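What follows is a single structure, written as structure tokens, with notes after it.
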Amino acid sequence: MKKNSPKILKTPTGRPAKRAAGPKQGGETLREILSQPETWTETAQRLANNALFAQIPQLFSPREPFLFVACGSSYYLSWIVAAQWSKLLAVPCMAVPASEMLFAPEEILARAGAKQLVLISRSGKTTEVLRVAQLLAARHGLRTLGVTCNEHSRLVDLCTLTLSLPWADEKSLVMTRSFTAILLLFARLAADFTENVALSAALGRLPAKAAAWLAANADKIRAFGAGHRFGDFVFLGQQTHYWLAQEGALKMTEMSSSYAQAYHTLEFRHGPKSIASPDTLITFLLSDATAEEEGQLVEEVKKLGAATLVIGNHVAAAVPRWSDLTVELGFDEPEFAQLALAAMPTQLLGLAVGLRKGLNPDQPKNLTRAVVLESRNGSAAATSRKRSTA
Ligand code: F1P
């Protein structure tokens, strides 16, 4: 092991903890993670022939602000899209958790300055999202785009237009391929909105690149997660990658019931750095624009004894000396085309840690596929609005 490398913490018997998970556990989640390249190919093919997808630019304008509303992984996905759309469309885009929208709709609509909203829910059953859809359906002058993997979702009745991606849904609980497939739907929409030929071409090359990348990297990431016992997990990213870090932390918590936190990379020095120790795995999601400064922090935290995992498109030669595992994506394409690929390493890591802890990532503790809340007062069935479905 490298100097300052994470120590394999021993069980009382002095042997590394044996994984109690059965061989099949996590199998569904692993299959779904590894199926992402073909899921992305199918998504591109289906969107190319989808009349509703083609209708979006007639109903929604790339010259006006967008407000995204979602929960959980879909909320972090929304922020990734909002951050990229703000750059590519040059209009203000932001995301809010559906619960926030329910408590302060006027304030948030005013802050966002948006009359077009995007509601994302893989299950299409999340009560908070459906309640927001209902609230918006009752207002005039707003347009809502629903995106779900459930073609029978009530979003279809409540939103101006709803796109469904049932082929990308998972059988297991955590979002992996649905997360990246929906992300790529918005990348393609951005390419269409802005007639960005380079982005569109890069998206076409992505599935083959991802398949090759998985073949070369999935096992080493899984082995790293399986071979070490960490007590705490930190995920760091700047700009759009901060939201990838948030999603990575959520995957780790969901699949391994571990405590995981996400920070802006350079914010880590401002207090959270006190957690750095051999028992802490700090994962860096480097973005091309900030990689040099982020690389300096890798060295800093390594010298504090922390375990480090560095994920970047290309990692500077000086960094691997301070990284217990370095993962390169090597996809020299526009950033929006890289992000689905960049989401996969932390999916694999969370799965591996969950299995090492003897858990079953296919059915995480305490969680359900959708958060469906009891109606408080038997609220009436949702009013219908425009009815366009995929
Ligand atoms: C949102 C969500 C998931 C989470 C869990 C509970 O679901 O919070 O992100 O992993 O499955 O539900 P959805 O609204 O996207 O279906």
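What you see is a predicted model, and the numbers here were worked out from it, not measured in a lab. Order of appearance sets the numbers: ligands from 1, and atoms from 1 within every ligand.
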Identify, with sequence neighbours excluded, every residue that meets side chain to side chain contact (heavy atoms under 4.5 Å, CB included) alongside A112.
L67, M94, A114
Atom 8 (O) of ligand 1: nearest protein contact (heavy atom, Å):
G72 CA, 3.5 Å
V91: side chain to side chain contact (heavy atoms under 4.5 Å, CB included) partners, not counting sequence neighbours
L89, C93
Nearest heavy-atom neighbours spanning Q347 and M255:
O-CE, 3.2 Å
Ignoring hydrogens and angles, state whether a donor on the side chain of K125 or T148 is under 3.5 Å from an acceptor on the partner side chain.
no
Closest contact, heavy atoms only, P207 versus W40:
CG-CB, 4.1 Å
Please state which protein non-hydrogen atom is closest to atom 1 (C) of ligand 1 and give its distance, to 0.1 Å?
C71 O, 3.5 Å
among protein heavy atoms, the one nearest atom 4 (C) of ligand 1 is E254 OE2, 3.3 Å
Ranked by distance from atom 15 (O) of ligand 1, the top protein heavy atom is S74 OG, 2.5 Å
Please work out which of the three classes, parallel, tilted or perpendicular, describes the rings of F68 and F186, given edges at 30° and 60°.
perpendicular
Which of these, T368, L367, V371, has its nearest heavy atom closest to atom 5 (C) of ligand 1?
T368
Go through ligand 1 atom by atom and flag the ones less than 4.0 Å from a non-hydrogen atom of L173.
11 (O)
In this structure, CZ of R131 is separated from CD of Q134 (nearest 0.5 Å) by 9.0 Å
R122 heavy atoms, cut-off 4.0 Å: which ligand 1 atoms fall inside?
11 (O), 13 (P), 15 (O), 16 (O)
Could you identify the single nearest non-hydrogen protein atom to atom 9 (O) of ligand 1 and state the distance to 0.1 Å?
S73 N, 2.8 Å
Please report which non-hydrogen protein atom sits nearest to atom 14 (O) of ligand 1, along with the residue it belongs to and the distance in Å to one decimal place.
T126 OG1, 2.5 Å
Would you please classify the geometry between the F230 ring and the F224 ring as parallel, tilted or perpendicular, with 30° and 60° separating the classes?
tilted
Numbered atoms of ligand 1 (with element) below 4.0 Å of M175, judged on heavy atoms
9 (O), 15 (O)
When distances are taken from atom 11 (O) of ligand 1, the protein heavy atom at minimum range is R369 O, 3.1 Å
